[in-house]
Protein chains: 2
Amino acid sequence: MKRVNKISKNQLQRLPAYLYHLQMLRASGVNRVTSPQIAKDLDLNVELVKKDFALVSSTQGTPRAGRDIDDLIHDLIKFLEYDKESTAILVGCGSLGRALIGYRGFDDFGFNIVAAFDNNPDLIGTKIGELTIYPLERLNEIQSIKKAKIGIITVTAKAAQLVADQLVKAGIGAIWNFAPANLMLPSDIIVQDESMASSLAVLSHRLKMKERSLKRKLK
Amino acid sequence: MKRVNKISKNQLQRLPAYLYHLQMLRASGVNRVTSPQIAKDLDLNVELVKKDFALVSSTQGTPRAGRDIDDLIHDLIKFLEYDKESTAILVGCGSLGRALIGYRGFDDFGFNIVAAFDNNPDLIGTKIGELTIYPLERLNEIQSIKKAKIGIITVTAKAAQLVADQLVKAGIGAIWNFAPANLMLPSDIIVQDESMASSLAVLSHRLKMKERSLKRKLK
DNA sequence: TAGATTGTTAATCGATTAACAATC
DNA sequence: TAGATTGTTAATCGATTAACAATC
């Protein structure tokens with residue numbers, strides 16, 4: 001059995017940053033890149049970059065000359081599967097739901113929101129861009145046609161569990177949860193929480209540490 | 001010198017989840033909680049929960065009886081500084097900016113967006129809730145009054161670097177960046193990237209792994 | 001008391017960082 | 001060639017998990 005190269009969460013999270021940066025460099029006429037250069041640009045450890053590139057690259061880099069930027073971009077796109085269409089349905093057409101539906105960056109990732117739901121009668125039947133908002137009752141029916149892989153939850157914390165249950169019942173295998181709630185779901189369902197609270201906790205703590213060290217220096 | 005207990009990023013990210021869950025439990029009449037119970041609820045390792053609670057708690061837990069839920073909630077709020085006001089200004093009043101300004105959860109975290117900016121003439125002077133949208137030119141002036149700690153960037157990737165530079169010039173110490181761009185800033189400025197691309201990369205990968213293992217089982 | 005839970009110490013695991021030979 | 005960069009192996013670091021004595 002071939003040993004599959006495992007990739008860590010951190011590693012995965014770095015890949016889009018590389019891709020974005022490489023595309024910027026290419027746009028400014030750069031043809032080749034080296035690990036030390038990218039490490040410097042993105043403020044990362046060189047060995048980290050070397051290993052990341054080695055993992056996604058289909059070719060070896062050449063000592064001293066680095067890698068062809070087009071090859072590397074191509075390999076990253078391939079690895080991240082940005083060249084394959086991936087579909088999602090979204091429940092909750094409040095401001096955050098609208099923002100996600102309108103997010104233009106998703107195109108670049110091959111990511112497509114193919115249906116939107118809400119249970120507010122005022123919203124049902126109205127459009128957000130190309131998408132018509134459907135009532136939640138039609139979730140099963142529409143998902144059976146669209147067969148989306150991912151369900152996006154942008155409802156209130158209170159409604160989130162109920163919506164999650166309905167998405168699972170409709171056959172969704174993964175949930176991208178933007179509601180501040182701890183969803184309880186079968187273990188085979190993938191749940192990814194996008195928690196403002198967690199992000200803010202990290203940011204606030206970093207800020208606090210910074211302020212403390214400034215105060216120490218002032219003494 | 002007293003050794004300061006360091007807290008890791010992961011640990012910080014778990015704290016709001018505990019708090020939310022505990023508040024739910026309290027609302028349903030629970031008075032005391034134990035680590036094994038919370039670990040089971042949130043699908044975490046027991047030792048992890050024990051250490052997290054030990055870190056934030058002002059009191060010791062009692063064997064067999066666990067902790068008083070109110071005390072623990074209080075300690076978490078204290079630790080996360082949700083009882084202290086924290087302010088931010090936001091640049092970019094598109095749909096995402098609007099969603100953040102309208103996000104009601106921030107109140108619970110003591111987090112307040114106190115000014116909003118955009119350079120679209122159609123938006124300037126209009127209101128989002130209580131906030132008036134100001135032109136970017138007035139950033140310095142308004143920040144000198146508001147003295148916000150955090151700058152939120154919800155502009156396009158193209159404009160992000162420029163906006164970041166202006167925020168830094170206006171005296172902002174930390175940037176919460178929602179634009180898909182790699183900001184290059186002085187090292188003393190805290191930058192926290194909220195990357196849709198990174199999140200999606202992780203989610204897609206998890207989904208891919210799941211599909212693979214399902215296929216293997218079907219053989 | 002018995003047994004569950006506590007706090008804490010030790011073992012394991014995995015990711016990052018450092019070191020180094022190979023090579024263009 | 002000289003020296004920078006490559007891929008890879010070893011060392012370090014930190015977080016998670018396991019183990020266990022103390023105790024209510």
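Each chain gets a letter, A, B and so on, in the order its sequence line appears, and its residues count up from 1. Since the model is a prediction, treat every value here as computed from it, not as a measurement.
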From CD1 of Ile38(B) across to P of dT6(C) the rounded distance in Å is 10 Å

Could you state the NZ-P distance from Lys40(B) to dT5(C), rounded to the nearest angstrom? 11 Å

Between Thr154(B) (side chain) and Gly92(B) (backbone), is there a donor-acceptor pair under 3.5 Å? yes

Please report, rounded to the nearest Å, how far the P atom of dG7(C) is from the CZ atom of Phe53(B). 10 Å

Could you write out DNA chain D as dot-bracket? Rules: Watson-Crick or G-U wobble, both distances under 3.5 Å, brackets [ ] for crossings, | for pairs with another strand, dot for unpaired. ..||||||||||||||||||||||

Would you please confirm or rule out a distance under 4.0 Å between OP1 or OP2 of dG14(D) and any side-chain N or O of Ser8(B)? no

Using a strict 4.0 Å threshold on nitrogen-to-oxygen distance, state whether Glu81(A) and Lys84(A) make a salt bridge. yes

For Gln11(B), which contact category applies under a 4.0 Å heavy-atom criterion: base, sugar-phosphate, or nothing? nothing

Using a cut-off of 4.0 Å on non-hydrogen atoms, how would the nucleic acid contact of Arg67(A) be classed: base, sugar-phosphate, or nothing? sugar-phosphate

If you compare every side-chain N and O of Arg14(B) against the phosphate oxygens of dT16(D) (OP1, OP2), does one of them come in below 4.0 Å? yes

Return yes when atom CG of Asn140(B) has more than 12 non-hydrogen atoms of other residues, nucleotides or ligands closer than 6.0 Å, and no otherwise. yes

I'd like to check Thr62(A) versus Arg32(A) (side-chain heavy atoms, cut-off strictly below 4.5 Å). Are they in contact? yes

Taking everything shown except Met184(B) itself, do over 12 heavy atoms lie less than 6.0 Å from its CE? yes

State the CD-CD1 distance between Gln23(B) and Ile77(B), to the nearest 0.5 angstrom. 5.5 Å

Give the rounded distance in Å between these two atoms: CD1 of Ile7(A) and P of dG14(C). 15 Å

Quick tally for nucleotides 17-24 of chain C: nucleotides whose base has a protein heavy atom under 4.0 Å get B, sugar-phosphate-only ones S, the rest -, giving BBB---BB

What is the separation between atom NZ on Lys9(B) and atom P on dT16(D), rounded to the nearest whole Å? 12 Å

Check: Ser199(B) and Trp176(A) side chains under 4.5 Å, non-hydrogen atoms: yes

May I have the distance from Asp52(A) (atom CG) to dG7(D) (atom C1'), rounded to whole angstrom? 14 Å

Within a 6.0 Å radius of atom CG on Asp43(A), are there more than 12 heavy atoms belonging to other residues, nucleotides or ligands? no

For the pair made of CG in Asn10(A) and C1' in dG14(D), what is the distance, rounded to whole Å? 12 Å

Rounded to the nearest angstrom, tell me the gap between atom NZ in Lys6(B) and atom P in dC13(D). 13 Å

Cation-aromatic face contact Lys208(A)/Phe79(B), 6.0 Å, 45 degrees: yes

